[in-house]
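Working notes for the structure below.
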Amino acid sequence: MANNPLNPAEFQEILEFTIELARKAGALLLEGSHAIQRAGAGGVGEKKNAVDLVTEYDVKVSKICIGEESYSSGTHPPLTDVPTFCVDPIDGTTNFVHGFPNQRVPVLGVMYNPFLDHLFTGVRGGGSYMHTRLHPEPQRLPLAPVEVRPLPGLVGALIAVEWGSDRGPDAIRRKANSFACLAGTPPDGVMAHSLRSVGSAALNFALVAQGAVDLY
């Protein structure tokens, strides 16, 4: 959304609308995931290459919210300075296909993982929260019983990483070397506790906010 002044009541109204939209889209993604698993990934197209897959459900979800794919195709008006939604219908389409569950200033964000029913919300100046079926009240992030301390270093850290969609030899070599530096033993590496790849940048950021991983 653009950096336009909104009062607290307007923020709350937009947040409630966005949560409803995310849950509606999540239900559609679950339907699509079940259909794809039954069909053996039939009807899958390509976005950038065979790794970065886009499906018909990207398009279906885009019909209920202006999506990354539909905007980039030039089918919608250009962005302006009025409050604007920026939506990626399915962040992590490879996960979706394979059934793997997991200088404008943004002022409100909602990210929903329908497979785990984890909903993350954040409003500028109002904190970030995690909503789950196990807790009727939203939980403020990070989920920590004590005050969160600054990370002293990469040793012992749990780090989220992604291979990305560019699988050319040079890109793979650079990423593999970076991962080796993070996970390897000294002097060539810093020996982080472990690396995790969940297949979604949005989920990685949410996991950092949650405190489940230390950085991405």
Side-chain angles (χ1 to χ4, degrees), residues 1-33 54-55 57-93 95-96 101-145 147-148 160 198-213 215-216:
M1 293 179 63
N3 191 20
N4 278 21
L6 295 172
N7 62 50
E10 290 173 321
F11 268 126
Q12 185 60 35
E13 182 180 355
I14 294 172
L15 179 61
E16 291 174 359
F17 166 78
T18 310
I19 289 174
E20 180 182 356
L21 190 65
R23 291 193 181 279
K24 185 183 298 184
L28 184 57
L29 296 187
L30 288 176
E31 173 192 317
S33 179
V54 64
T55 70
Y57 282 87
D58 246 340
V59 178
K60 288 183 177 180
V61 174
S62 292
K63 289 181 178 179
I64 62 173
C65 52
I66 298 176
E68 175 188 52
E69 287 76 19
S70 56
Y71 183 82
S72 64
S73 69
T75 57
H76 290 281
L79 293 174
T80 67
D81 285 331
V82 300
T84 303
F85 285 95
C86 296
V87 180
D88 187 353
I90 305 175
D91 186 64
T93 46
N95 282 349
F96 175 59
N102 280 279
Q103 123 135 115
R104 295 183 175 94
V105 179
V107 294
L108 181 149
V110 173
M111 195 282 292
Y112 183 44
N113 180 352
F115 298 94
L116 298 177
D117 194 24
H118 289 176
L119 178 78
F120 297 89
T121 64
V123 175
R124 187 181 182 189
S128 298
Y129 293 83
M130 179 178 179
H131 312 244
T132 69
R133 63 167 69 98
L134 298 179
H135 297 87
E137 295 297 324
Q139 298 174 279
R140 190 178 180 94
L141 301 180
L143 302 180
E147 183 179 355
V148 178
V198 300
S200 164
L203 276 176
N204 285 329
F205 286 123
L207 290 172
V208 172
Q210 179 184 339
V213 298
L215 70 153
Y216 167 49

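Note that CZ of Phe205 is 10.5 Å distant from CG of Leu215, once rounded to the nearest 0.5 Å.
The environment of Glu13 atom CD is sparse: at most 12 non-hydrogen atoms of other residues, nucleotides or ligands sit within 6.0 angstrom.
The shortest distance between side-chain heavy atoms of Tyr112 and Leu29 does not fall below 4.5 Å. Side-chain atoms of His118 and Leu203, non-hydrogen and from C-beta on, never get closer than 4.5 Å to each other. Looking at heavy atoms from C-beta onward, Arg124 lies out of side-chain contact with Phe11 at the 4.5 angstrom threshold.
Across all their heavy atoms, Asn204 and Ala160 have their closest contact at OD1-CB, 3.5 Å. Contact detail for Arg140 and Gly127: the closest heavy-atom pair is NH2-CA, 3.6 Å. Residue Tyr216 comes nearest to Val208 through the heavy atom pair N-CG2, 3.9 Å, listed as atom of the first residue, atom of the second, then distance. For the residue pair Gly122 and Ser128, the shortest heavy atom distance occurs at CA-OG, 3.9 Å. Nearest heavy-atom pair across Arg133 and Leu116 is NH1-O, 4.1 Å.
The side-chain contact (heavy atoms from CB on, under 4.5 Å) test applied to Val110 returns Leu15, Thr18, Ile19, Ala22, Leu108, Leu119, Thr121, not counting sequence neighbours.
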